[in-house]
Amino acid sequence: MCGVVGMVSVQPVNQALFDALTVMQHRGQDAAGIATWSGECGLQQRKSNGLVRDVFRSRHMLRLQGNVGIGHVRYPTAGGSRSSEAQPFYVNSPYGICLAHNGNLTNHDALSDLLIREDRRHLSTDSDSEVLLNVFAHELQKRVNGQPTAQNIFAAVNALHGRCSGGYAVVALIVGFGIVAFRDPNGIRPLVLGRRQLDLHEDYMVASESVALDILQFSRVRDVRPGECLFIENNGVLHSNEYTGEIRHTPCIFEYVYFARPDSILDDLSVYKARLRMGEELAGKIVREFSDHDIDVVIPIPDTSCTSALQVAYHLGVKYREGFIKNRYIGRTFIMPGQEERRQSVRRKLNAIDLEFRNKNVMLVDDSIVRGTTSKQIIKLAREAGARKVYFASAAPPVRCPNVYGIDLPAASELIANGRTVAEIQELIGADRLIYQDLQGLIRSVRHGNSSITEFDTSCFSGEYVTGDVTDEYLHDLEERRNDAAKQRRDSNVVALP
């Protein structure tokens, strides 16, 4: 789970890249980085672990000169939380290339081996972003003789698509020439193109979410198409190329459930409207399963579920109240490193308003249930605040499988719905009744605004992986790498380094 941005402007881009990363901070809170280029100062970079506001100080911003640049916010899905794996990554051949990436390569291990053995390229981290960078650099180097052209850049990206599998949205800066942006042939990870008119000049920008365009007053042109590559020269000339290989447009549905900001539009679909319709679908499911309900009030788990919960209350004809106050300076809980840390963070993150719970039958609505740790603690908070009964509804179906395309969902064994029935989950989290959204209801909710999208990546709910190369062996290896014990071992090793 990451956010990327790239920009070519007639003005300095350092502050604009900082602002774009700030509004995409929800996509990654582990590390941040910016790379810029100017003819006078050359390539400048700043990256480190931490939030955007902490990584970039005035002295760093003053050094990031130039009208061309890329940026990245990161939460690790491959590799670890070391500052050496903060992005953008850089290689000096050919020309010097910086690259930032959102997603995950499912053939990372095989590609790493080939890069080292056959392409004779060195890898210094476990990050698949470094692998992507080296594949692109190698394919470009094979095709250029002198200055790179749009055509040999497009040929290099097409070759990269042939070698790389998984979900990825990429921005790259070729030193002295411009910005390259491309998206995987399945369009799993989002990437949006924007344009801004300044006097007689046009600025171009690509970003993971359209909200980054909005705050910089760029107009949203369109989404980068699956497999498409854009090349924006330093002088602002835009080139584009459609991928000629197999394309299957399957955007990640979890973006609309949880990750993306509600004011974003991804693949011509409004995240806000999708969440409204999720609430409508969920209300229908509640009526079908719980027609004689005695719900007094619907309360959302802030913030992602507020939009859906409002519609649930409206269609059930009961009161909607915001019964939890959220501390907005606590990170997203399911991506926190360690079960105990997640458990404790719920108390620091949410506080119940007693008068909204006391002697009432409460329906709590959340966007999804992942590990169940947060849900269990929230139900406990509601009971302590005096709720008579606590019902729980999820705007998403049961999360039963890991995500392999760039979202760091837990290992399968740590997902509460993996191998359990709804009744068993209900008992584990301590709810009086538990209701999940249907998968088809979720799909209808999201694709309602764009009928040209016929399918989504729903792998974390269905276990069906759209790239077709995810084996049981791969999932087993993923389990070994992603479980909490493995992450804690990696963290201890990092702390132990001199």
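We number each residue from 1, following the sequence as shown.
- In this structure, the side chains of R183 and Y168 stay at 4.5 Å or more apart for every pair of heavy atoms.
- Residues F89 and L132 are not in side-chain contact: their nearest non-hydrogen atoms beyond the backbone lie 4.5 Å or more apart.
- Counting heavy atoms from C-beta on, the side chains of S165 and L105 never come closer than 4.5 Å.
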**Derivation of the salt bridge (Lys or Arg N to Asp or Glu O under 4.0 Å) call for D203 and R195** = CA-CA 6 Å; D203 291 352; R195 179 175 56 224; over 6 Å; no

**Request:** Determine, stepwise, if the pair E209 / R220 fulfils salt bridge (Lys or Arg N to Asp or Glu O under 4.0 Å).
**Result:** CA-CA 10 Å; E209 293 191 31; R220 179 179 166 275; over 6 Å; no

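- Side-chain contact check for F357 versus L381: every heavy-atom pair is 4.5 Å or farther apart.
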**Prompt:** Between R121 and E130, does a salt bridge (Lys or Arg N to Asp or Glu O under 4.0 Å) hold up when you go through it step by step?
**Reply:** CA-CA 11 Å; R121 299 193 77 91; E130 189 187 16; over 6 Å; no

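- Residues I70 and L17 fail the side-chain proximity criterion, which asks for heavy atoms closer than 4.5 Å.
- Between M205 and V5 there is a side-chain heavy-atom pair separated by less than 4.5 Å.
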**Asked** Under the side-chain hydrogen bond (donor to acceptor under 3.5 Å, both in side chains) criterion, do S129 and Q87 qualify, and how do the steps go?
**Response** CA-CA 8 Å; S129 303; Q87 297 182 37; 2.7 Å; yes

**Request:** With side-chain hydrogen bond (donor to acceptor under 3.5 Å, both in side chains) as the test, would you mind laying out the steps for Y405 and T467 before giving the verdict?
**Result:** CA-CA 9 Å; Y405 301 125; T467 52; 2.6 Å; yes

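- Side chain of Q65 to backbone of P12: no donor-acceptor contact under 3.5 angstrom is found.
- Although no hydrogens or angles enter the test, the distance criterion places a donor-acceptor pair under 3.5 Å between the side chain of N102 and the main chain of C2.
- Between P402 and A412 the shortest heavy-atom distance is CD-CB, 4.0 Å.
- Residues D214 and D263 have side chains not in contact (no heavy-atom distance under 4.5 Å, counting atoms from C-beta outward).
- Panel note: side chain S305, backbone V365; a donor-acceptor pair is recorded below 3.5 Å.
- Side-chain atoms of S413 and E479 include a donor-acceptor pair closer than 3.5 Å.
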**Prompt:** ring pair (Phe, Tyr, Trp, His ring centres under 6.0 Å) between F456 and F461: does it pass, once the steps are laid out?
**Reply:** CA-CA 11 Å; F456 293 87; F461 307 120; over 10 Å; no

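- Between F136 and F182, the angle of the ring planes lies from 30° to 60°, which puts this pair in the tilted group.
- Heavy atoms from other residues, nucleotides or ligands lying under 6.0 Å from NE2 of H448 number 12 at most.
- Put simply, the side chain of S112 gets close to the backbone of H108: a donor and an acceptor are under 3.5 Å apart.
- Shown are V91, L111, I116; of these, the side chain to side chain contact (heavy atoms under 4.5 Å, CB included) with N134 is made only by V91.
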**Request:** Decide yes or no on side-chain hydrogen bond (donor to acceptor under 3.5 Å, both in side chains) for D469 and T106, but give the supporting numbers first.
**Result:** CA-CA 8 Å; D469 61 339; T106 51; 2.8 Å; yes

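- Between the NE2 atom of H249 and the CG atom of D184 there is a distance of 9.0 Å, given to the nearest 0.5 Å.
- More than 12 heavy atoms of other residues, nucleotides or ligands shown are found within 6.0 angstrom of CD on E384.
- Side-chain atoms of T36 and Q44 include no donor-acceptor pair closer than 3.5 Å.
- Panel note: side chain Q377, backbone K380; no donor-acceptor pair is recorded below 3.5 Å.
- A donor-acceptor pair under 3.5 Å links the side-chain atoms of H72 to the main chain of H101, judged by distance alone.
- Looking at Y90 and Q45, their side chains come closer than 4.5 Å, going by heavy atoms from C-beta outward.
- Judged purely by atom type and a 3.5 angstrom limit, R400 uses its side chain to pair as donor or acceptor with the backbone of R420.
- Formation of a donor-acceptor pair under 3.5 Å by the D408 side chain with backbone atoms of Y75 is not found in this model.
- Rounding to the nearest 0.5 angstrom, the gap separating the CD1 atom in I253 from the CD1 atom in I443 is 5.0 Å.
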